[in-house]
Structure formats: C-alpha cells, structure tokens
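For reference, the structure discussed in these notes is given below.
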Amino acid sequence: VSLAVLGAGAFGTALADVVATRGEAVHLWCETQEQVDEILATRTNERRLPGVKLHAKIVPTTSLADIARAARLLLLAVPSTRLPDALRPLGDVVDGSHMIVHASGALTADEGKRVSELVRLETPVRRVGVLAGPALARDLAERRPCAVVIASPFDDVVATTRSALLTEGTLRVYGSHDLVGTELSAVLCGSFTVALGLADALGVGTGPRAVLVCRAIAEGTRLCVAAGGNERTFSGLAGLGNLLVRAASASAERSDDYRLGSELAKGPAPRHTEGARAAAVAVKLARRLGVRTPILDAIAGVVFQNVPVKQAAKRLAEIGAEEE
Amino acid sequence: MPATDRSDRRPIQEAENRLASFNRERNSIIAEVERRVLAGRLDAAGAGGDASIEYVLNDVAFQEIRRLERGPASEGEKKRLPEWRDLARRLGTMSDDERRRRLSEQVGRYARDIAGSFSMRVFRFATSLLPSLLSGILAPASLLQGVRHVGDLSGKVIVDGPTDHIRACADRGTLVVVPTHSSNMDSVVIGWSMHRAGLPPVTYGAGKNLFTNPLISYFMHNLGAYRVDRRLGNLLYKDVLKAYSTVLLERGFHSLFFPGGTRSRSGSVEKRVKLGLLGTALNAYADNLRRGEVQRRIYVIPATINYGIVLEAETLIDDFLAEEGKHRYIIEDDEFSRLGRVLDFTRRILSMEGALHIRYGAPLDLFGNKVDEAGDSHDARGRLVDPATYMIGPDGQVAADPQRDAEYTKSLGDEIVREFRRLTVFMPTHLVARAIFDRVAKATGTRDVYMMLRTYEGTEIPAADVCADLLRIRDTLAQRPGMGELPERFQRMRPSDMLDDALLMFRGYHTRPVVEKQGERLLVRDMRLVYYYQNRTAHIPPEVLS
C-alpha cells in the first residue's frame with residue numbers, strides 16, 4: 001500500500017524523507033504552495049527542518065485529493081491545533097478503504113476527545129491508528145536508529161504501517177492493538193515533560209527527579225488503564241520512551257513542553273504548549289474516570305490557574321506515599 | 001422525539017413479506033449451511049491441531065457427554081448418551097473417511113434442528129388474533145365484539161420512530177432489527193409492533209427452552225423463529241448457527257437479534273453487546289459483495305422495548321443479586337412459564353396508558369454510519385459513503401479479513417449501545433425508583449446495593465422530596481437527549497401525578513408493592529425492585545442528576 005504524509009512540519013518531513021529512501025514515491029501534503037515550491041526547487045524545507053537535503057522521491061503537493069488518490073495509508077503529522085481544519089477537507093476526499101494513522105499527542109480542548117475519535121467524527125474512515133515513540137525529527141533526518149510504535153485495533157493497519165515505514169538501520173516499528181493507551185500515553189508524556197522541565201529548572205536534584213519520573217509512570221498508567229488502555233502501554237515507547245527523550249539533556253532544548261517547564265520556574269506561563277493544554281484536559285478526564293492525577297493537577301494549576309510553583313510542589317510532596 | 005413518525009398515524013403501507021417464500025427455500029438453505037460449515041471445517045482441518053476433525057468431534061462429544069451427565073435433558077437426548085461416549089472412545093482409531101462422515105451427519109443434524117419455517121396461514125391467524133386477544137385480556141367484553149376493537153391497543157402500547165424510513169430501507173435491502181432485551185415477552189411485543197408499524201416480519205433465533213410450551217412452540221416455529229440451543233457450547237454448533245444466520249441474511253430474509261444475548265438481569269439498558277450473531281451480518285454483506293451483488297445492503301435497526309413493569313423482574317433481579325456462582329444463564333422456571341402470571345402482567349400493563357413503549361431508531365449501516373431513505377450511507381458529517389469501500393483490503397480488492405471484520409462489528413456494537421441509550425424511553429417507575437435509590441444511597445452513605453438491602457428496612461422518604469427530584473431529573477434529561485427521553489405525556493405531567501402513576505404501576509402485579517405511599521411519605525417495600533427499576537437509568541452517572 002502506498003503511503004502519504006500529511007503535514008510538512010519537522011516530523012512529517014523527516015518521516016517522508018526516511019521512507020523515501022526505500023525508493024518509492026512518498027507524497028507529502030504541505031499547507032502552503034511556498035513549501036511545495038521550495039521542496040521542488042531546492043529539495044529542502046529550511047523553515048521546518050533546516051540543513052537537511054530531502055530525498056528526490058518526495059512528491060510535495062497542496063492537494064488533498066491528489067494525496068487520497070495516490071495513497072491509501074495516510075500518515076497525519078499536522079500540528080494538533082490545526083488538526084480539525086485539516087481533517088474536515090480530508091474527509092471530503094477519502095473513503096472507507098483509506099487508513100489514517102496520526103502522530104499527534106493531543107486531546108480536543110472541549111470534550112477531551114482523542115485524535116482517533118476526531119478522525120471518526122470528521123471523516124468516513126474507520127481504520128485508524130496512532131504512531132508514537134521517541135523518534136525525533138532531527139534523529140530521523142540524520143538517520144540515527146529510532147523506534148516507534150503503531151497502535152490500532154486493526155491488524156491490517158498495524159501490518160500495513162509497519163511494512164510501509166520499516167527502513168533498515170533507521171526506523172524500527174513495533175505493533176500494538178492498544179489504540180487508547182498509546183494515544184493517551186503520547187498525550188500525557190507531553191504534560192509530564194513540562195513537569196520535568198520545571199523540576200530541572202528548580203534544580204531538584206537527580207533523586208527527586210527520578211521519583212518524579214516514577215510517579216509520572218504510575219499516574220500515566222492509572223489514567224490509561226481507567227480509560228480502557230493496557231497496563232503496560234505507558235511504560236513503553238509511547239509513554240516512558242517519549243518522556244525520556246523529550247526531557248533528556250541532549251534533546252530537551254528542542255522540546256516545547258520542556259522549555260515551558262523551565263520558563264515556569266521563573267514566573268507565570270508565557271504561552272501554552274501542547275503538553276500544558278493536554279494536562280488541563282487530562283485532569284477533567286481523570287475526574288470523570290475517578291483517577292487521582294497529582295502531577296497533572298499541579299501542571300494544570302500552575303499553567304492555567306496561576307498557582308505558585310512552590311505551592312504546587314508542596315501539595316505534590318504532601319500526598320502520602322501509601323496513596324500512590 | 002423529533003423527526004419521527006408515530007406509527008399509529010395510519011395509513012401504513014405494508015412492506016413485502018419475504019418470509020412468505022421461506023418454506024420453498026428451506027431445504028436449500030439447510031443444504032447451503034451444511035456445505036459451508038463442512039467446507040470450512042475440512043479446509044481448516046488441514047492445519048491440524050485444534051482445527052483437526054478429530055479435535056472438533058471430540059469437542060462436540062465431550063461437551064454433549066458433560067451436558068447430559070450433569071444438566072437437565074430430555075429423555076430422547078439422554079438416550080443418545082451411549083452414542084456420544086462411543087464416538088469419544090472410537091475417535092482415535094477412526095479412519096479419515098469415517099470422521100468426515102460423522103462430522104457431516106452432525107452438521108446436518110444441527111442445521112435441521114436450528115432451521116425454522118414460516119406458515120402464511122399461521123402468520124395471518126396470529127396477526128389478526130393477537131391484538132384481539134390482548135384487547136380481550138384488557139377488557140373481556142370487547143372479545144365478544146370481535147376485531148373491531150383491535151385499535152384499542154394503540155393508546156396503551158406506543159410504537160414510534162422513523163418507521164417510514166425503516167420500511168423504505170426494507171424495500172432496498174435486508175433489515176437486522178436489534179432490540180434491547182428485558183423479558184421473554186419481547187419477541188411477541190417486537191413482532192406485534194413491527195406488524196403494527198407496517199414493517200415486514202423477521203426471522204429470529206429463539207432459545208430452545210421457549211419451544212417447550214407446545215402452543216408457543218407452534219406459533220414460534222411457524223412464524224420464522226429458528227431454534228438456538230444455548231446449552232450447546234461446542235464450536236461446531238456455533239459454526240452451524242452462524243452459517244444459518246449468514247445464509248438467511250444473504251438471501252434477504254429480514255432478521256432480528258437480541259444483541260445483549262440474554263435478558264438484562266439487572267434491568268439496565270445493555271452496556272455491551274454480543275458480537276457472534278451480529279457479526280454474521282457483515283459476513284453476509286461480504287459474501288454478497290464477493291458475488292458482485294454490491295447493492296444488496298444490510299441495515300441495522302436499533303430498537304428499545306420499554307416496560308413500566310417487567311414480567312420477570314423479580315426472578316431476574318434475584319438472579320442478578322445471587323451470590324457468585326449461583327447465576328443461571330438459562331432460566332426456565334420464571335414468570336414466563338406461568339400462564340397466570342403472564343395474564344396478570346398483560347392485563348396490568350395494558351390497563352395503563354403508555355406503560356409499554358417500543359421505540360425504533362434510524363437505520364445504520366454495518367459500519368455505524370447513518371442511512372438515508374434511499375438506503376445510502378452517510379458519515380458523521382453527512383457525506384455519502386460507499387460501504388463496500390470498508391471491505392477493501394491492502395491490495396485494493398474486496399477481501400475477507402476476519403480480524404478487521406470483528407473490529408467493525410465491535411465498533412457497530414458500541415454504536416448500538418449508544419443508540420440504545422438515546423432511544424431509551426423512561427417510565428415513571430424508572431425515575432421514581434432512581435429518585436428513591438439516590439435518596440436511600442445518600443441516607444445510608446453507600447451505593448453498594450448489598451449494603452443497602454441490609455439497611456433499607458423501614459426507610460421512609462417524604463413524597464415532596466421525590467417530586468422535587470423528579471422535576472430535576474426531568475429537566476436534566478431534557479438537556480441530555482443522548483441519555484434517553486421521557487415520553488411526551490410525562491414531560492407535561494405534574495411530578496405528583498407522575499409519582500402516582502409509578503405507584504399505580506408498582507402495586508398490583510409484583511408479589512408485594514415496590515413502594516407505597518403513607519400519608520405524605522413513601523415507604524420502600526421491596527428494595528430489590530427499586531434497584532431493578534432504577535437500573536434502567538444506570539447509564540446516567542449520579543453527578544449528572546445531583
């Protein structure tokens with residue numbers, strides 16, 4: 001099955017570039033004609049993936065209809081804030097034979113819907129999956145070994161995505177049936193990355209930092225399981241793997257969520273990142289499911305309710321260990 | 001309920017009765033079922049192991065021996081015990097040909113046991129007799145006046161929903177009606193309601209235990225019902241049952257499944273559905289597509305059957321509350337088996353206006369999409385969708401994929417559950433029971449029903465408080481149409497009148513009144529049944545109503 005990537009951001013472009021090395025054309029949907037022109041003229045996407053020469057097999061286009069005609073496996077790498085705008089017109093050109101795999105770590109702000117639910121709502125497609133894991137755009141572009149997980153209840157989505165993405169030496173693709181758990185893990189690790197950025201900026205030390213990571217794993221697992229996910233999913237690539245890479249010293253400066261955490265140590269939130277927004281929605285989901293989420297509560301409180309960092313940290317520390 | 005037609009607004013165009021041709025096709029249906037099951041099993045046997053014919057026959061023999069040794073069985077069935085033991089003993093030394101012969105015989109036996117029949121004479125008799133019989137139960141004098149009083153039932157039993165839309169789909173494809181299931185009366189009620197709404201008769205699988213009463217058996221057997229022996233758990237029997245249902249649907253016979261599998265023991269609307277028989281609809285659609293019959297579509301019609309009181313409520317809730325290990329999958333000694341109770345119940349429910357309400361939902365395709373009156377599918381944003389595209393495999397061709405299709409069916413099951421909630425029609429008994437249950441829960445500090453059953457004795461609740469709760473619940477429901485609806489009549493009623501209606505329904509049929517009014521206070525007499533009736537609202541979380 002041919003593959004197309006929707007979204008010429010850093011991750012989408014890097015992924016298309018890796019897959020193109022297999023020698024088959026990979027269609028890449030760009031939001032602007034300027035991006036298409038740049039890729040065609042210079043084989044670069046300087047604004048999103050500076051310094052990388054893109055493979056000749058990448059076929060850039062702004063036409064969703066062309067994308068839908070060219071490929072049945074559509075990999076959605078559009079920024080979460082623009083997802084609804086991209087999905088509705090996509091729904092006009094796809095049908096039940098398409099498969100949509102998204103790489104988003106977001107929940108809708110109003111009802112806390114997962115992206116797979118949004119896909120079902122906005123398009124006729126039923127075969128949906130999520131791609132998640134510690135694969136950074138720069139690592140993919142520089143051909144460092146990366147691993148991701150494709151999760152879908154449909155075997156054919158898992159098998160087709162694995163066979164379409166597998167590139168020897170660069171990308172290893174694991175399969176899972178746990179769509180709910182994998183989507184939530186990807187969402188929550190963004191929020192926990194904010195917490196780790198904040199903890200590092202406050203200089204809490206390696207011991208307390210490790211405790212925070214472990215508590216995040218426990219909290220993420222609790223919420224995933226309550227929402228219908230698998231107990232082991234958060235400890236895998238989509239959860240822990242993602243969290244470690246986003247908050248690692250070598251790559252942290254590239255993570256929006258981690259940078260927000262650092263900034264929170266100095267004062268009120270100057271902006272809202274995907275991970276911060278996810279914390280606010282996940283807290284509501286946790287209430288509905290009756291799950292305790294002290295770290296997410298703390299992040300949502302600091303970012304959206306101006307709760308002082310010290311007060312949030314104190315509250316987090318006061319929770320009895322036996323309650324976790 | 002917006003955009004629906006009350007079926008009692010005549011005239012109603014009759015849909016084509018495809019079952020009329022069933023008996024002509026019966027033998028070829030059985031032969032086709034035998035052929036498919038045998039071909040499937042012989043094909044799978046090539047892999048050996050659990051799929052080998054020896055293993056399959058051993059599974060049949062083992063389960064039959066265990067059932068006949070331990071469970072209730074007829075004398076005829078027990079006589080076959082030596083035969084099963086002999087089969088189990090000899091399987092290891094049998095030749096392949098002998099095993100194939102035994103497999104073929106067993107498949108044929110199952111298929112013939114399952115297959116129903118349809119008699120136009122019995123159908124006409126039943127459809128003209130039943131309403132006047134029910135009217136007679138309600139007011140015996142009307143029997144003397146003949147069938148002119150059939151219409152009397154229309155005010156007592158309400159049938160609504162987009163029945164014109166459903167009938168249009170019945171003309172274009174095959175219907176699979178999927179109702180909620182609370183009572184053994186359901187098959188009679190839904191059959192009658194479909195006839196009343198001008199919908200075509202359907203074939204359906206009925207528990208073999210329901211065929212033990214000769215009169216009921218006669219009608220069921222001649223009205224298209226096929227027999228499902230739920231005591232038989234072996235894989236071969238399930239294969240035959242599914243193949244039978246698939247062949248019926250492929251040939252365009254409208255069908256009915258109770259997707260909950262069995263009557264709701266707790267009284268709640270089904271939270272999940274069984275996928276076995278529901279999956280046969282997708283199998284049939286895929287088979288038709290592979291034969292190039294792309295326009296032979298299958299439509300799923302969710303429906304809810306809503307009773308003010310339920311015939312078997314006491315038996316069902318007792319079973320639900322029974323200690324672990326004492327639940328019964330098949331209940332044969334309940335109120336349905338006692339004619340006096342059935343008559344009492346029928347008289348009672350038909351004496352109260354609107355205490356039986358059947359609500360049909362709009363047709364869905366097998367992928368959960370809405371279907372328009374032309375039989376075409378539309379996605380959640382209203383775009384036209386060709387359902388055949390969902391069956392296309394990675395190679396671009398319509399392809400069989402059992403795992404994919406099982407996921408589609410699971411997803412359809414989730415959609416049916418959402419529809420069940422939306423189509424639930426609440427009765428005063430449900431809302432009064434919910435108000436009382438919430439008050440008792442608050443007073444006792446627990447929602448654990450076992451704790452409440454131990455402590456509720458003597459609980460008295462001011463009637464005014466319950467009326468205030470009813471008002472609040474009614475307002476909440478009006479704002480959340482996805483959770484169900486109060487019928488129009490109760491939406492306008494004063495809460496005190498609604499309470500009186502519920503108390504009327506609660507006394508007279510059950511062994512003791514569920515709740516009684518003493519002065520200005522309500523006295524809980526049977527907490528089990530308060531729990532049972534409030535469970536119809538169990539999908540509404542307490543915080544939504546508080």
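Chain naming here is simple, since letters A, B, ... match the order of the sequence lines and numbering starts at 1 in each.
For A:Glu168, the CD atom is loosely surrounded, since the number of other residues' heavy atoms within 6.0 Å does not exceed 12. Taking a 6.0 Å sphere around CZ of B:Arg472, one finds it holds more than 12 heavy atoms contributed by other residues, nucleotides or ligands. Enclosure of atom CZ in A:Arg172 is not indicated, since only 12 or fewer non-hydrogen atoms of other residues, nucleotides or ligands lie within 6.0 angstrom. Within 6.0 Å of CZ in B:Arg272 there are 12 or fewer heavy atoms belonging to other residues, nucleotides or ligands. Residue-environment remark: NZ (B:Lys410) stays at or below the threshold of 12 foreign heavy atoms within 6.0 Å. Within a 6.0 Å sphere centred on CD of A:Glu231, other residues, nucleotides and ligands contribute 12 heavy atoms or fewer.
Here A:Asp92 is the residue among A:Thr160, A:Asp92, A:Asp156 with the most heavy-atom pairs under 4.5 Å with chain B.
In this structure, the portion of B:Asp395 lying under 4.5 Å from any heavy atom of chain A is its backbone and not its side chain. Only the side chain of A:Arg127 comes within less than 4.5 Å of a heavy atom in chain B; its backbone stays farther off.
The backbone N or O of A:Glu122 sits less than 3.5 Å from a side-chain atom of B:Arg383, completing a donor-acceptor pair. Although no hydrogens or angles enter the test, the distance criterion places a donor-acceptor pair under 3.5 Å between the side chain of A:Arg72 and the main chain of B:Pro394.
A:Arg126 is not listed as a side-chain neighbour of B:Asp379, based on a closest heavy-atom distance of 4.5 Å or more. A:Pro124 has its side chain out of reach of B:Phe367: every pair of non-hydrogen atoms, C-beta onward, lies at least 4.5 Å apart.
Side-chain polar atoms of B:Arg381 and A:Thr123 form no donor-acceptor pair below 3.5 angstrom.
Residues of residues 399-407 of chain B lying under 4.5 angstrom from chain A, judged on non-hydrogen atoms, are B:Asp401, B:Gln403, B:Arg404, B:Glu407 in numerical order.
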